[in-house]
Amino acid sequence: MKQSFFAVKTDKNAPHDEGSINAQLLTRGGFVKKESAGVFSFLPIGLRVLQKIKRIIREEMNAVDMQEILMPALIPKENWQQTGRDNVDIGFKTDRNYILGWSHEEIVTPLSKLYINSYKDLPVALYQIQTKFRNEPRAKSGLLRGREFSMKDGYSFHLDREDFQKYYDRVAEAYFKTFERAGLKSYKIEAGGGEFSKLMSHEFAVITPAGEDVMLYCSACGFARNAELRENEKEEPKKCEKCGSELKKDKCVEVGNIFDLATKYSDAFNLKISDKDGKQVVPYMGCYGIGVSRLMGTIVEAFHDENGIIWPKTVAPFQVHIISLNQDEEAKKLEKELEKEGFEVLFDDRDESAGKKFADSDLIGIPLRIVISGRTIEKNSVEWKERAKNEAENTPLSEVVNKIKSFYA
RNA sequence: CGGGGCAUAGCUCAGUUGGCUAGAGUGCGCGGUUUGGGACCGUGAGGUCGCAGGUUCGAGUCCUGCUGCCCCGACCA
């Protein structure tokens with residue numbers, strides 16, 4: 001794609017009223033545009049990133065046999081009344097009998113009555129990637145806490161608690177994989193609190209100074225827990241309670257969570273199935289969330305330097321950024337060749353100074369930059385510069401395509 | 001929802017004790033010179049000074065109310 005066709009421009013100034021790194025860099029790079037507190041438009045390259053993240057999530061959810069569906073954002077008030085959640089503060093009320101969906105137990109549970117009738121239909125799990133609305137008293141930190149945001153929410157149904165537990169652990173593994181593929185090291189934290197305080201729930205957290213939470217974690221075995229959880233203890237233990245190694249303490253962002261719902265919602269909506277003996281039993285439920293747009297913000301918080309974003313290869317808006325310094329013909333040839341090989345290429349064909357092109361390239365953060373200039377053409381080569389590295393190197397023109405293939409292998 | 005800060009060109013900002021036709025940088029348009037780290041010359045367009053009221057001969061500037069945004073806290077199903 002030619003950069004000159006972009007509807008989006010970079011800006012060397014950060015918005016004066018944005019404090020967080022993700023909001024500043026994503027805005028300056030033309031990924032997002034804030035419309036009001038916690039509400040964003042996603043511009044062409046920002047949407048590309050979001051969709052890469054969604055794709056990873058879909059692949060991992062499909063891999064644990066969740067089926068994708070799409071539920072509405074407008075949820076009838078009577079559904080909320082049935083669970084007593086119609087007056088929860090974070091729900092946006094409308095002037096009709098709807099409340100904007102901030103979670104979807106109230107839709108997925110009655111919906112599932114249509115096709116879950118027997119133990120033979122279980123287990124089953126459904127998920128969606130959809131826009132959630134939460135009337136946060138204080139939206140903040142760019143994409144990290146919004147009022148309107150993209151979320152993956154999944155719900156599973158089981159004959160009994162044992163079957164649920166097996167699936168819960170399977171999803172937890174899928175979550176680790178999902179975040180790892182998005183470039184992030186995540187920790188599973190035992191979480192109490194909230195509505196489900198008596199039931200099991202876990203948060204998935206990523207370490208970054210921009211985080212709102214604090215966790216204690218063991219770098220040896222990966223065990224982690226919320227640092228505030230046991231405030232009453234005068235001194236926090238220094239050793240991991242699982243393996244005895246040193247515990248560390250850091251700020252973190254919650255990017256996912258998984259909950260044991262037990263039969264709370266099945267009961268509320270009178271969801272019942274026949275077991276093997278023909279007896280009516282109440283299915284056991286679990287619920288599984290990932291903050292999709294929050295994950296995008298978290299990635300920026302985790303991967304940037306003073307010049308801009310450094311996207312992980314798996315979620316970058318493009319794979320190769322070609323910069324031409326008065327060598328558009330050669331650059332176009334390379335662009336075509338790479339696109340034929342299936343690579344996503346951004347070609348900076350703009351009539352801008354070299355400095356501006358380099359600065360924009362660093363800001364946008366595509367993992368690999370290829371410069372073609374008079375200097376490189378002389379040597380029948382290109383300049384190879386990885387965004388994550390400081391040094392550039394010369395690469396013969398004839399080897400570039402293969403080298404890119406192995407870079408992305 | 002409590003505390004603090006901010007609001008002037010698309011963006012970042014300046015604007016003195018209230019005073020004439022509200023400025024700069026950047027971005028944008030046009031013409032030209034440039035191309036290895038935000039290069040330059042010329043020229044042009046771009047404003048309801050957040051909104052509403054008040055004080056005053058006169059308000060971007062002072063007063064009151066409101067709205068929006070950011071930060072800290074509370075909250076976070």
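In what follows, every chain begins at residue 1, and chains take the letters A, B, ... in the order their sequences are listed.
- Below the 3.5 angstrom threshold, one finds a donor paired with an acceptor across the side chain of A:R28 and the base of B:rG38.
- The structure places CG of A:L334 at 10.5 Å from CZ of A:F343, a figure rounded to the nearest 0.5 Å.
- Within 4.0 Å of A:E254, counting heavy atoms only, lies no atom of the nucleic acid at all.
- Using a 4.0 Å heavy-atom cutoff across all strands shown, A:N257 reaches no nucleic acid atom at all.
- Mapped onto RNA chain B by nearest heavy atom, A:P15 and A:R375 fall at different nucleotides, with A:P15 at the one closer to the 5' end.
- With hydrogens and angles ignored, a donor-acceptor pair closer than 3.5 Å exists between the side chain of A:R369 and the base of B:rG37.
- If you check distances only, the side chain of A:D360 does reach the base of B:rG38 with a donor-acceptor pair under 3.5 Å.
- A salt bridge links A:D305 and A:R387; the closest N-O separation between the charged side-chain nitrogens and carboxylate oxygens is under 4.0 Å.
- For A:N13, the side-chain atoms get nearest to B:rC11 when compared with the rest of B:rC70, B:rC11, B:rA77.
- In this structure, A:T376 reaches the bases: a heavy-atom distance under 4.0 Å links it to at least one base atom across the strands shown.
- Taking for each of A:R145 and A:K140 the nucleotide of RNA chain B with the nearest heavy atom, the 5'-most of the two is the partner of A:K140.
- Side-chain proximity of A:F358 to the nucleotides B:rC71, B:rG37, B:rG38 is greatest for B:rG37.
- Side-chain atoms of A:D362 and base atoms of B:rG37 include a donor and an acceptor less than 3.5 Å apart.
- Checked against B:rA77, B:rC69, B:rG38, the side chain of A:D17 finds its nearest nucleotide in B:rC69.
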